[in-house]
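Here the structure comes first, spelled out in structure tokens, and everything after it is commentary.
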Amino acid sequence: MKELNWICIGIILATVALPARSQPVSDEPSEPMEQVTTVSELTDIRPSDWAYQAVKSLVERYGILSGYPDRTFRGNRPLTRNEFAAAIANVIGRIEEQLIAGNSANTIAEDMQTIRRVVAAYGEALSQLRSRVDDLDNRTATVERQQFSTTTKLSGQVYYGVTNGTNDQATLLSRVRLNLLTSFQGNDVLVTQLQAGNDGRDAISKAHDARQNLLGTNGILADGGGLDAVGVPRELRVRKLYYSFRPAENLQVSVGSNLPPSDFIDRNQFANQSGQNFGSSFFANNPLIVQNEIDRFGGAGAAIAWNANRALVIRGLYAAADSATTGLFQDRYQASLEAEYTIPNQPITVRAQYTHADINGTQINAAGLSAEWAIQRRFGVFGIFGRLGIGSYEGFNSILQQDLDLNPKTWALGVSFQNFLIPGSKAGLAVGQPFISDRLGNKTQTNFEAFFGLLLNDRLNISPSVTVVSNPNNRASPTILEWSLRVLYEF
């Protein structure tokens, strides 16, 4: 009786589960159907097909199957609600005819018993399904009435951080981001991000500011700071504005007036979302490859990403921070290349990077290497990431008012645990040195962070963390110990 089950379930769906509403009318012209007396008349049905027995049963047992004029069954063709109802009504009608005529053959009795059993077993579940479908239809109608735009999706992020640390008092940081993602053709997107904050500071940023901010979150030379949300201006401003499209299936091009490099290169999956994992700006990106004064404010330019094959992606970008006043190819700008290779059948990704930049009169050349490894375990995901960089900073820096001749190095190493014991949880440890140079200061700054994050629901994430920075700005000074509690709400 297996070949008849789809008929029985179809009857239940038509009478119990499917809501009574009209279906879209097909644009295809209807074709006249012809009665089929034997399954051999259908040219596209073979005994090896999975539906062969069901089709054969319809013809031989009830004689109700119709074919197209070209003697095809077209089993993969979509079925309209009207056609479905007609077929079911035909089957029921034939069963009733045979019962009225006194035909009590075993096959007819078995079919009726099968229908009764399926109704008893699945009737309640299908009734619940009908209620869920009705509810989804109502919710969909509400969304369509209240949607922001037919082409634009609105999302946002509200970040609050309570923090305190060495030689400081408790402070509150806040940052709000609104994202408008507009698509005109389906495979393109116009990205607009608006941002505002409360210009808050933490203990680490205050230590950096006390001695000329070289390596803080908003550092002049590199980003080696504490919390990422430090110093966000109160004024609402456009942080991102660029348009991405695909001229070819394996090529993506982005152009815009506010294009942050970190959106396109050095995308470490374990440490680049400041509200959801590591809160320190230093652990989000290689400070020599992603130049702080370009990334914090964005720049006019373009970026490309070419998928050479399934394992290799080549990326390039150019962004100029002061294009409106000095032009596209004048100080301050950054040009970068990145080759990302994922080892086939392995969760290991390696990136080789190069950046050339001109920042405040200083010519910068840097090479970087990063790697990450996601290890799946039954109790969660264990991730390891590492980053290395080496560069040269040469020329008179107009902000520092001094001639630089530096060959800095940078490194960072971290581990991350996702869904460890508690679903929706994250935890991590990371350590690194943002700017190692014997010609800058008398010590080397070292950063350390440990955090735990818990996703309370689809929108709310709470994350306490501890951050330690020794020798801020590469100057011998007391170590800064800082704790923070971050709350991130996304919509």
Side-chain angles (χ1 to χ4, degrees), residues 159 161-175 197-234 262 271 274 278-288 290-297 332 359-360 362 364 389 391 393 397-402 404 406 408-412 430-451 465-484 486:
Y159 173 110
V162 179
T163 180
N164 199 353
T166 304
N167 300 324
D168 194 22
Q169 57 185 359
T171 57
L172 175 68
L173 305 178
S174 69
R175 182 182 67 197
N198 71 341
D199 198 23
R201 297 289 192 274
D202 62 354
I204 295 172
S205 66
K206 291 177 181 178
H208 280 108
D209 289 340
R211 285 189 169 184
Q212 200 173 36
N213 190 353
L214 302 179
L215 305 177
T217 300
N218 294 308
I220 298 171
L221 292 182
D223 182 355
L227 293 176
D228 182 63
V230 160
V232 177
R234 300 176 186 273
S262 61
S274 61
F278 291 96
S280 300
S281 55
F282 165 54
F283 294 116
N285 296 110
N286 185 322
L288 303 185
V290 176
Q291 286 296 311
N292 205 27
E293 295 206 12
I294 305 296
D295 196 62
R296 284 282 155 183
F297 306 101
R332 297 171 295 166
I359 309 292
N360 301 322
T362 300
I364 300 170
Y393 284 55
N397 190 286
S398 59
I399 302 297
L400 300 178
Q401 289 295 302
Q402 68 181 82
L404 298 181
L406 308 175
K409 302 177 182 64
T410 186
W411 66 273
V431 63
Q433 294 179 311
F435 206 89
I436 306 170
S437 175
D438 55 6
R439 294 188 178 184
L440 182 70
N442 52 13
K443 292 289 184 177
T444 298
Q445 176 178 315
T446 302
N447 293 36
F448 170 83
E449 181 182 354
F451 82 93
S465 65
V466 175
T467 307
V468 179
V469 173
S470 64
N471 304 311
N473 289 323
N474 282 9
R475 315 287 186 186
S477 57
T479 296
I480 307 300
L481 173 64
E482 175 179 292
W483 65 264
S484 64
R486 292 169 287 147

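No experiment lies behind these values; they were computed from the predicted model shown. Counting begins at 1 with the first residue of the sequence.
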Q: Determine, step by step, whether T217 and R296 satisfy the side-chain contact (heavy atoms from CB on, under 4.5 Å) criterion, reporting the C-alpha distance in whole Å, the side-chain angles of both residues, the deciding distance to 0.1 Å, and the verdict.
A: CA-CA 9 Å; T217 300; R296 284 282 155 183; 3.3 Å; yes
Q: Using the side-chain contact (heavy atoms from CB on, under 4.5 Å) rule, take L214 and R475 through it: C-alpha gap first, then chi angles, then the decisive distance, then the call.
A: CA-CA 10 Å; L214 302 179; R475 315 287 186 186; 3.7 Å; yes
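If you take OG on S484 and CG on L227, they are separated by 4.5 Å, rounding to the nearest 0.5 Å. Here the CG-CG distance, from N474 to L440, works out to 5.0 Å after rounding to the nearest 0.5 Å. The CD1 atom of I364 sits 9.5 Å away from the CG atom of L406 when rounded to the nearest 0.5 Å. Note: N360 CG to L404 CG = 10.0 Å, rounded to the nearest 0.5 Å. Of the inter-residue distances, the one linking D223 atom CG with T410 atom OG1 reads 10.0 Å to the nearest 0.5 angstrom. To the nearest 0.5 angstrom, T362 atom OG1 is 9.5 Å from Q291 atom CD.
Side-chain atoms of I436 and W411, non-hydrogen and from C-beta on, do get closer than 4.5 Å to each other. P478 has its side chain out of reach of T166: every pair of non-hydrogen atoms, C-beta onward, lies at least 4.5 Å apart. Within the 4.5 Å cutoff, the side chain of I359 has heavy atoms near those of the I294 side chain.
With hydrogens and angles disregarded, a donor-acceptor distance shorter than 3.5 Å links the side chain of N198 to the backbone of L172. In this structure, N292 contributes its side chain and I220 its backbone to no donor-acceptor pair below 3.5 Å. For the pair E482 (side chain) and I204 (backbone), a donor-acceptor distance under 3.5 Å is present. When atom types are taken as modelled, the side chain of S280 and the backbone of F278 share no donor-acceptor pair closer than 3.5 angstrom. Checking side-chain atoms of N473 against main-chain N and O of Q212 turns up a donor-acceptor pair under 3.5 Å.
Aromatic pair F451/F283: centroids not less than 6.0 angstrom apart.
Under the rule for a side-chain contact (heavy atoms from CB on, under 4.5 Å), the partners of N164 that lie at least two apart in sequence or sit in another chain are D168, A170, W483. By the salt bridge (charged side-chain N to carboxylate O under 4.0 Å, His left out) test, R201 is found to be paired with D199, D209, residues two or more places apart in sequence or in another chain being considered.
Scanning both residues, L288 and G391, for their nearest heavy atoms gives CD1-N, 4.0 Å. Minimum heavy-atom separation, N286 to G389: ND2-CA, 3.9 Å. Residues P287 and A222 share a closest heavy-atom pair of CB-CB, 3.8 Å. Minimum heavy-atom separation, S470 to T479: CB-OG1, 3.6 Å. Minimum heavy-atom separation, G200 to L173: C-CD2, 3.2 Å. When all heavy atoms of A229 and R175 are compared, the closest pair comes out as CA-NH1, 3.8 Å.
By the neighbour-count criterion of 12 heavy atoms within 6.0 Å, atom CD of Q169 is sparsely surrounded, having that number or fewer from other residues, nucleotides or ligands.
Residue pairs meeting the side-chain hydrogen bond (donor to acceptor under 3.5 Å, both in side chains) criterion with at least one partner in residues 438-448, sequence neighbours excluded, are H208-Q445, D405-R439, Q433-T446, Q445-N447.
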